Amino acid sequence: MSNYSEVIGFIKNQFDNKAFIPLHEPRFVGNEKKYVVDTIDSTFVSSVGAYVDKFEVMMSSISGTNKSIAVVNGTSALQVALRLAGVNAGDEVITQALTFIATVNAIIYNGAAPIFIDVDIDTMGLSPKSVEAFLEEFGEMRDGICYNRKTNKKIAACMPMHTFGFPVHLHELLKVCNKWNIPLVEDAAEAIGSEYHLKPIGSFGKLGVFSFNGNKIVTSGGGGAIVTNDVELGIKAKHLTTTAKVPHPYEYVHDEIGYNFRMPNLNAALACAQLEQLPSFIDSKRTLAQEYDSFFNSKGINFRTELPNTKANYWLMCAELGNKLERELFLKETNENGVMTRPIWQLIFKSPLYSGFQKDEQINAMYLEDRIVNIPSSVR
Ligand SMILES: *Cc1c(COP(=O)(O)O)cnc(C)c1O
């Protein structure tokens with residue numbers, strides 16, 4: 001008898017007692033084939049096509065924003081969103097160390113440096129209190145721009161990440177950012193369909209970013225989106241991600257150094273079919289979350305649920321173990337028995353590649369790093 005045999009049995013039972021239960025698998029039960037075949041029949045499989053336009057309209061509706069731009073992947077979307085928020089080479093960007101590597105890479109691709117600030121225990125995302133404490137100590141306003149007193153560099157943006165689809169404390173974070181005149185860019189890659197005070201995640205920042213990678217709730221195979229309420233910024237985002245070509249009947253004129261970050265129509269077709277099912281996917285996950293919650297509670301294990309005034313999409317569901325040893329045992333036993341589980345990310349600054357950046361004490365991030373595991377969360 002292993003320590004977690006009941007947990008393993010319960011999880012397997014939720015997924016038809018299959019021999020192997022993955023962490024999160026995609027589900028294609030709608031118009032996926034129809035739309036993808038349609039792009040092939042039309043020959044429009046590449047960088048222009050009706051599904052790209054349709055995807056952008058759907059994303060504006062889902063994220064409650066005025067403008068959405070289809071992008072090749074979430075990482076590239078973050079890179080361009082930061083540039084459009086005003087991040088330049090030599091600047092700094094406040095973010096969390098408890099995140100997927102793409103959050104931090106997107107900052108570095110712009111020639112900027114991350115400042116790692118702690119997360120909250122309850123949201124597992126960037127802590128407004130810790131951001132405020134950092135700015136009280138190191139922030140300095142000069143001509144309406146916030147500088148880091150320690151490095152003398154401009155703090156050009158603040159990028160929280162909504163961990164596993166649980167919204168960060170946005171009202172408090174926006175209050176701090178507004179006070180210091182720092183634009184907010186939401187890494188909402190994991191949080192499509194989540195809400196904060198009844199408003200969609202992604203619509204709170206100057207720009208927001210989603211991912212449609214294969215492991216997310218809805219997938220385009222690979223893809224991303226930039227969303228914003230600032231129509232002018234949205235137009236710029238489209239321009240920059242499509243080689244910054246000036247419209248002309250036949251000449252090739254480019255007015256900026258842009259990127260080829262377009263989402264192909266083939267991928268947009270898959271995304272459209274998937275987005276049609278987002279509400280039912282989230283409903284299915286919320287039902288699973290309720291079942292996990294009552295089961296884990298009965299076993300004395302903390303299952304992470306959404307906070308008041310928020311709606312979580314329950315992308316990857318989380319159990320919180322008592323300490324690192326328990327976490328190791330849980331991971332070992334579940335994975336050895338066909339139930340795929342994973343630890344939360346290693347804090348980014350622990351890798352030598354990223355160890356040289358400024359950070360605060362990271363007390364909550366370290367606490368969560370030792371205890372949080374993801375359990376199978378697929379749509380059923
Ligand atoms: C998935 C993800 C991204 C973007 O990933 P892509 O694979 O490039 O689409 C960015 N940030 C976070 C936190 C993610 O989970």
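Heads up: numbering here begins at 1 and tracks the sequence. Note that ligands are numbered from 1 as they come in the structure, with each ligand's atoms numbered from 1 the same way. Because the structure is a prediction, the values reported are computed rather than measured.
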(request) Run the numbers on Thr103 and Asp187 for side chain to side chain donor-acceptor pair (under 3.5 Å), then give the verdict. (result) CA-CA 7 Å; Thr103 313; Asp187 182 347; 2.8 Å; yes

(request) With ring pair (Phe, Tyr, Trp, His ring centres under 6.0 Å) as the test, would you mind laying out the steps for Tyr259 and Tyr109 before giving the verdict? (result) CA-CA 13 Å; Tyr259 312 90; Tyr109 296 157; over 10 Å; no

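For atom 15 (O) of ligand 1, the nearest non-hydrogen atom from the set Glu190, Met161, Met159, His162 comes from Glu190. In this comparison of Ala77, Gly223, Gly74, the heavy atom closest to atom 6 (P) of ligand 1 sits on Gly74. Of the listed residues (Gly222, Gly214, Gly125, Ser211), the one carrying the non-hydrogen atom nearest atom 5 (O) of ligand 1 is Ser211.
In terms of N/O distances under 3.5 Å, ligand 1 is approached by Lys216.
What sits closest to atom 11 (N) of ligand 1 on the protein, heavy atoms only, is Asp187 OD2, 2.9 Å. In this structure, the protein non-hydrogen atom closest to atom 8 (O) of ligand 1 is Thr75 OG1, 2.5 Å.
Distances below 4.0 Å separate heavy atoms of Ala102 from the following atoms of ligand 1: 10 (C). The Asn73 neighbourhood of ligand 1 comprises atoms 8 (O), 9 (O), with distances under 4.0 Å to a heavy atom of that residue. Taking every non-hydrogen atom of Ala189 and a distance limit under 4.0 Å, the qualifying atoms of ligand 1 come out as 2 (C), 3 (C), 10 (C), 11 (N), 12 (C), 14 (C).
A salt bridge between Arg83 and Glu256 is present, with a side-chain N of the basic residue lying under 4.0 Å from a carboxylate O of the acidic one. Look at Glu336 and Lys332 and you find a salt bridge, because one of the NZ, NE, NH1 or NH2 atoms lies within 4.0 Å of a carboxylate O, short of that distance.
Ile217 has its side chain within reach of Leu278: a pair of non-hydrogen atoms, C-beta onward, lies under 4.5 Å apart.
Neither the backbone nor the side chain of Asn215 has a heavy atom within less than 4.0 Å of ligand 1.
With hydrogens and angles left out, the side-chain atoms of Thr341 and Asn335 include a donor and acceptor closer than 3.5 Å.
Tested against Tyr314 for a ring pair (Phe, Tyr, Trp, His ring centres under 6.0 Å), the candidates Phe281, Tyr292, Phe166, Phe164 yield a single pass: Phe166.
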